[in-house]
Colleague: 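Sharing a structure below in structure tokens format, with a few things to ask.
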Amino acid sequence: MKNAVVSDVVAGILELKERLGATILAHYYQEGEIQEIADITGDSLKLARAATQVQSPVIVFCGVHFMAETAKMLNPTKKVLLPDLKAGCSLSDSCPADKLARYQEMLRINGRRFQTVTYINSSAAVKALSDWVVTSGNAEEIVRQVPEDQEILFVPDRHLGSYLEEVTGRKMILWNGSCMVHEVFSIRDLLDAKKRLPQAKTLAHPECPANIREHSDFIGGTEAMLRYVGQWAEPTDFLVATEANMLWQLQTKHPRHRYHPVPGITCACNKCPHMARNTLEKIRDCLRYGEPEITWQPEFDAARRVLERSLLPSSR
Ligand code: SF4
């Protein structure tokens, strides 16, 4: 978009936001121009917690569908808008609720005692079938809380699951799902980049496969990455293996460093096509027309109880 057009759209968003008393939440994987107009930016955990503190009657959630659903479940009386209702998630889609329910039943029939620990990147119907919902920020803590006499069924991300097995020493039953963005980082390109920039530190999201994680200096979710780079006083080069829009947030919060995206096998930058469905125009239009809205679904009641005890420590 040309600058004058962008300015008009942004002015329209700010005017509507003010008039409606809306709060805009944006995930770190949104384009920088969207993060720039947001009231709160964050990872899934930070945004889910922030959603419970929001006082305004309308929340515009700039992220993907499962995130907006989560905001609605934690704020039943608020109007939650998602700029593009088709903003989905390959990881969430890899674990349909009916398939999970059949698998859990098969485990029970076989006499297995287990708790289901579910990554937040999942539908409300899957959360409703779970004992715990975790994010990359609190997964380790929750996994360590599951009693040793119970097995853990971890869904849907097999890479995050295998990372948690490594750090907790807890063997788990892993669902075979993955994120299309984190799965395709190229190990060959990462090793080439490390040769070109031997002094650089590599940051990897735990949704990355093991071959990327094992060549990284730091493994953590996006919020943890921000804390990690903030500790380096001297200007430093960082190779970043997560969705490429995270570089905008890193650059904005810690501009003294230089950030380089780790390329994927199929593209140079690794942007999430689902996150990219949200645009400034769609944000303006959802404020203008009051839709698309996330409406309450029958499975939200059960999913909400799991979310609250997992993500809001005061309700545990
Ligand atoms: S980056 Fe991966 S996990 Fe996140 S929304 Fe996109 S497909 Fe889903």
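All of these numbers come straight from a predicted model, not from anything done at the bench. As the structure lists them, so they are numbered: ligands from 1, and atoms in each ligand from 1.
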Colleague: For ligand 1, which atoms, with element, lie under 4.0 Å from some heavy atom of Glu207?
Modeller: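 Per the distance check, 3 (S).
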Colleague: Which residues and atoms, protein N, O or S only, are under 2.8 Å from atom 6 (Fe) of ligand 1?
Modeller: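 Counting only protein N, O or S atoms under 2.8 Å from atom 6 (Fe) of ligand 1, the list reads Cys272 SG.
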Colleague: So His257 and His254, would you call those rings parallel, tilted or perpendicular, with 30° and 60° as cut-offs?
Modeller: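 Geometry flag for His254 against His257: tilted rings.
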Colleague: Side chains of Ser130 and Thr116 only: does a donor on one sit below 3.5 Å from an acceptor on the other?
Modeller: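 No - no donor-acceptor pair under 3.5 Å links their side chains.
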Colleague: Report the C-alpha distance between Tyr28 and Glu223 in whole Å, list the side-chain angles of each, state the deciding distance to 0.1 Å, and finish with yes or no for side chain to side chain donor-acceptor pair (under 3.5 Å).
Modeller: CA-CA 9 Å; Tyr28 291 146; Glu223 214 61 66; 2.8 Å; yes
Colleague: Using a strict cut-off of less than 4.0 Å between a Lys/Arg side-chain nitrogen and an Asp/Glu carboxylate oxygen, indicate whether Lys171 and Glu165 qualify as a salt bridge.
Modeller: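 Yes, charged N to carboxylate O under 4.0 Å.
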Colleague: Looking at Trp132, I'd like to know if the NZ or CZ of Arg309 sits under 6.0 Å from its six-membered ring centre while staying within 45 degrees of the ring's axis.
Modeller: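 Yes, Arg309 lies over the aromatic ring of Trp132.
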Colleague: Under the rule for side chain to side chain donor-acceptor pair (under 3.5 Å), what residues qualify as partners of Glu166, not counting sequence neighbours?
Modeller: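 Partners of Glu166 under the side chain to side chain donor-acceptor pair (under 3.5 Å) test: Arg213.
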